[in-house]
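A short worksheet on the structure shown next.
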Amino acid sequence: MDHLINQRVKDIEISGIRKFFNMVAGTKDMISLTIGQPDFPTPLHVKEAAKQAIDDNFTSYTHNAGDIRLREAAASFVKTKYNLTYNPESEVIVTSGASEAIDIAFRTILDEGSEVILPGPVYPGYEPIIKLCGAVPVHADISKNKFRFTAELIEEHISEKTRCIVLPYPSNPTGVSLTLEELEQIAALVKGKDIFILADEIYSELIYDQTHHSIAYLLREQTVVINGLSKSHSMTGWRIGLLFAPANLAKHILKVHQYNVTCAASVSQMAALEALTAGIDDAVPMRQEYAKRRDYVYDRLVKMNMDVVKPDGAFYFFIKIPDDSMTSFEFALTLVEKAGVAVVPGSAFSSYGEGYFRISFAYSMETLKEGLNRIEKYLTAKV
Ligand SMILES: Cc1ncc(COP(=O)(O)O)c(C=O)c1O
């Protein structure tokens, strides 16, 4: 029956991150530094709000765009944090995770043959959706630019078919973010062109030595902002994402969302409401802990002579493989077999990630220490 399967679906593959994680899952005495999800529990008051929602029988469909109280809280959250102005009635959509927000945004704006510019290496959640739309991903190689996705690089890839530019910052897998000046240059380049920006700002609350600026503040009418609770409030499993777009665009995105999921899960929405109101600063203590881990891991990697850029945000290091005779997949496999540490091969983040590996520091200090000890031991023994 394989010939009956949609060709575009056949052509896409399972994410390389999951593939590697699944492959090594179950291996004995393994330190895994693979998964990009917070290791903190969801804040207690948020869990209590969800329990209350169940007791209150808040278990039916909500408005397609999400409960209005949550949309108001989301609009107020991005106003307070990033000075963005969105009308909760018509410009905010609550989605099933940022993943669904990415899907419905692309499906709304892309036509067959549209080109989408994105950095490479990049989070693997965009390319398959772009391809499912019959559109074409166009990567700008940021690996030779200290992973900075600049206006200059973007401009080199703009063509008459460019419909959208993906700006994921702080970035998964590199941790690099964009400064206000860089955003201003990108906004100046794109302003007035028939091009949308898809700004994936899911890590906006996890930024360490600088302030996060949303490009929507500079280019509201052409921007779709993707955010959510997964990373900021340690709520990956609750599946709540947030999409902000100007009303004339949001009304079309809402149709795709409606026929896709009807609405985000109602109980999760009440947890999210609590998170974005009473828990508006819940990310702060987590951010402080991540910052400590980042500094620790960075020091260790530098001492190992690793070629690495210190991440501005998120919880990843994207590191050059010291032995360039191996592909990133071979290197990651060797680390599993010889050192007992699982990392993600850079090739999981497009071909531009070849030659690198990603480690996540969303793990306890103890786990990080042991993982790094093992990597160091393996590399020292090899020399
Ligand atoms: C850059 C980026 N965007 C989106 C997502 C998906 O987020 P969610 O779990 O809310 O769907 C992730 C998850 O790792 C991510 O790293």
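Here the structure is a predicted model, which means the values were calculated and not measured. Both ligands and their constituent atoms are indexed starting at 1 by order of listing.
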Residue portion contacting ligand 1 (non-hydrogen atoms closer than 4.0 Å) for Trp238: neither

Report the relative orientation of the aromatic rings in Phe361 and Tyr208; use parallel for angles under 30°, tilted for 30 to 60°, perpendicular for over 60°. tilted

Give me the nearest non-hydrogen protein atom to atom 7 (O) of ligand 1 as residue plus atom name, then the distance to 0.1 Å. Ala98 CB, 3.6 Å

Is the ring pair Phe331/Phe357 parallel, tilted or perpendicular, if the boundaries are 30 and 60 degrees? tilted

Is the side chain of Ser90 donor-acceptor paired with the backbone N or O of Ala247 at a distance under 3.5 Å, no angle test? no

Those atoms of ligand 1 less than 4.0 Å from some heavy atom in Tyr126: 1 (C)

Tell me: protein heavy atom nearest atom 14 (O) of ligand 1, and distance? Lys231 NZ, 2.7 Å

Contact atoms of ligand 1, heavy-atom distance to Tyr203 under 4.0 Å: 1 (C), 14 (O), 15 (C), 16 (O)

Salt bridge or not for Arg107 and Asp103, using N-O below 4.0 Å? yes

At under 4.0 Å between heavy atoms, what of Arg239 touches ligand 1? The answer is side chain

Is there a polar contact between ligand 1 and Ile102, counting only N or O atoms under 3.5 Å apart? no

Distance from atom 11 (O) of ligand 1 to nearest protein heavy atom, with residue and atom: Ser99 OG, 2.5 Å

Are Phe315 and ligand 1 in contact, using a heavy-atom cut-off of under 4.0 Å? no

Taking the basic N atoms (NZ, or NE/NH1/NH2) and the acidic carboxylate oxygens, is any pair closer than 4.0 Å for Lys369 and Glu366? no

Atoms in ligand 1 flagged as close to Gly97, the criterion being non-hydrogen separation under 4.0 Å: 10 (O), 11 (O)

Classify the ring geometry of Tyr126 against Phe106: parallel below 30°, tilted from 30° to 60°, perpendicular beyond 60°. perpendicular

Flag the pair Arg163 and Glu115 as a salt bridge only when some basic side-chain nitrogen lies within less than 4.0 angstrom of an acidic carboxylate oxygen. no

Minimum-distance protein heavy atom relative to atom 1 (C) of ligand 1: Asp200 OD2, 3.4 Å

For ligand 1, the portion of Ser230 having any non-hydrogen atom under 4.0 Å away: side chain

Looking only at heavy atoms of Glu100, does any of them come nearer than 4.0 Å to an atom of ligand 1? no

Under 30°, 30 to 60°, or over 60°: which ring-plane class applies to Phe315 and Tyr290, parallel, tilted or perpendicular? tilted

Just say parallel, tilted or perpendicular for the rings of His139 and Tyr352, cut-offs at 30° and 60°. tilted

Taking atom types as modelled and ignoring hydrogens, do the side chains of Tyr61 and Ser266 form a donor-acceptor contact shorter than 3.5 angstrom? no

Do any N/O atoms on Thr236 end up under 3.5 angstrom from N/O atoms on ligand 1? no

Which heavy atom of the protein is the closest neighbour of atom 5 (C) of ligand 1, given with residue, atom name and distance? Tyr123 OH, 3.3 Å

